[in-house]
There are 2 protein chains.
Amino acid sequence: MSKIDKTAIVRAAEEVVRERGARKLTLDAVAAKCGLSKGGLLHHFSSKQVLLKAMVEKAIERELQIAAEFTDDRPGAGQGELQPRIDALFVMMEDEKSLPRALLAAVAEDPSLLEPIRAKEAKIRREACGASKDPELAQILLFAARGLFLGRVLGVMDPEDPVFERMRKRLLALAAEVE
Amino acid sequence: MSKIDKTAIVRAAEEVVRERGARKLTLDAVAAKCGLSKGGLLHHFSSKQVLLKAMVEKAIERELQIAAEFTDDRPGAGQGELQPRIDALFVMMEDEKSLPRALLAAVAEDPSLLEPIRAKEAKIRREACGASKDPELAQILLFAARGLFLGRVLGVMDPEDPVFERMRKRLLALAAEVE
DNA sequence: GCTAACATACCGTCCAGTCGGTCGGTTTCG
DNA sequence: CGAAACCGACCGACTGGACGGTATGTTAGC
């Protein structure tokens with residue numbers, strides 16, 4: 001039985017980013033956080049890049065999964081993809097882990113790590129807006145949600161701001177209209 | 001007469017970020033870029049933090065100025081602040097210098113440097129949306145513009161994507177309706 | 001006893017910031 | 001006037017710490 005698995009290490013890395021900032025995400029810090037030596041850490045992730053990549057991938061997976069759950073919860077709404085995507089973004093915001101932190105760390109270290117996110121964004125935009133009767137407006141709603149999301153992730157907005165809840169309701173309402 | 005002034009150094013720093021990424025923004029690189037030794041550079045900016053702060057401040061100033069110009073160009077529209085703000089954001093996107101780069105560098109180095117940006121964002125939202133007959137929708141438009149802006153700055157969107165131009169037109173049209 | 005899962009010690013590099021010093025100009029004062 | 005004292009701009013060698021990565025064990029389970 002292994003005491004530590006890779007997902008625990010990724011979680012520890014997210015913790016470090018949350019507590020000390022993306023720039024302070026060092027191998028030593030991650031190792032300390034999950035009670036491992038640096039050598040032990042590098043045994044699981046052969047380099048820092050590999051660890052970052054795993055963080056990004058886990059985060060993407062998580063976002064897709066959240067969206068899927070929202071889709072399942074509204075069986076009547078057919079193939080409307082817009083609302084679940086917006087819902088998912090708002091959930092990810094609350095969730096002080098995962099994608100936000102991974103994204104920050106990736107940008108700070110090596111922008112090329114964002115490639116998978118880029119692909120995901122393009123795909124979502126195509127699927128969620130293509131079916132709408134007003135694709136442009138649908139995209140605006142999506143971009144607005146992302147604007148809120150990134151604003152919070154980057155720390156340029158107060159997480160307690162009540163505007164988040166108001167925006168969430170309004171965006172979802174508009175999304176319903178436009179599908 | 002001094003050969004080099006601070007604004008030239010800040011410009012050089014923006015160049016470095018553009019060419020080599022936020023992570024490679026080192027004092028040596030900036031010094032080399034503006035034909036100065038590191039010692040000489042540190043004579044003007046006593047630390048890297050101080051330089052970053054100057055970058056952020058210059059960028060904010062620039063954005064406000066762009067918005068002000070757009071306001072002046074539409075003397076008939078009264079106090080409608082929303083359109084100039086959106087316009088300014090789109091101009092800043094094109095402009096491969098200034099705020100985008102400063103923002104990236106600041107986030108990578110020390111999130112607390114974003115405080116002035118935070119203040120600016122809050123102020124803009126208050127002013128631009130307060131006067132609208134539908135403040136919530138006005139905020140949505142602003143957030144959408146910022147979503148596009150940040151998406152591009154962070155490199156999760158293709159700068160050539162025609163969606164930028166479409167969004168710009170549509171956002172401005174909606175902004176006009178909502179004022 | 002062989003392999004996976006660690007630990008320890010160490011190396012090389014990068015980089016912010018320091019420090020002593022140079023050089024041209026300006027002010028002070030005899 | 002002219003020299004001494006001073007000053008701001010700038011240089012470049014250096015330092016010390018941080019950090020990614022390696023090399024070499026050591027231990028535990030099969």
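Residues B:G155 and A:R118 share a closest heavy-atom pair of O-NH1, 3.3 Å. Between A:V10 and A:K58, the shortest heavy-atom distance links the atoms CG1-CD, 3.7 Å. The shortest non-hydrogen separation linking B:L142 to B:L89 is O-CD1, 4.5 Å. Closest heavy-atom contact between B:I140 and A:A144: O-CB, 3.5 Å. Looking at every heavy atom in both residues, B:R85 comes nearest to B:E81 through CG-O, 3.1 Å.
Taking atom CG of A:D110 as the reference point, atom C1' of D:dG20 lies 14 Å away to the nearest angstrom. Nucleotide C:dA4 holds its C1' atom 12 Å from the NZ atom of A:K6, rounded to whole Å. The distance from atom CG of B:L41 to atom C1' of C:dA16 is 11 Å, rounded to the nearest whole Å. When rounded to the nearest whole Å, the span between CG of B:D5 and C1' of D:dC10 equals 15 Å. Summarising the geometry, the separation between NE2 on A:H44 and P on D:dG21 is reported as 17 Å, rounded to the nearest angstrom. For the pair B:K48 NZ and C:dC15 C1', the computed distance is 8 Å after rounding to whole Å. Look at CZ on A:F45: it is 15 Å from P on D:dG20, rounded to the nearest Å.
A heavy-atom distance below 4.5 Å is not found between the side chains of B:R170 and A:Q139.
Using a 3.5 Å distance cut-off with no hydrogens or angles, the side chains of B:D134 and B:S132 do not pair a donor with an acceptor. A side-chain N or O of B:Q65 and one of B:E69 form a donor-acceptor pair less than 3.5 Å apart. Judged purely by distance below 3.5 Å, without hydrogens or angles, the side chains of B:S112 and B:D110 pair a donor atom with an acceptor atom.
Checking B:H43 against A:Q49, the closest nucleotide of DNA chain D that is more toward the 5' end is the one next to B:H43.
Scanning residues 19-29 of chain A for heavy-atom distances under 4.0 Å to DNA chain C yields an empty list.
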task = Summarise how protein sits on nucleotides 18-26 of chain C as a single string, 5' to 3': B when a protein heavy atom is under 4.0 Å from the base, S for sugar-phosphate-only contact, - for no contact.
result = B--------
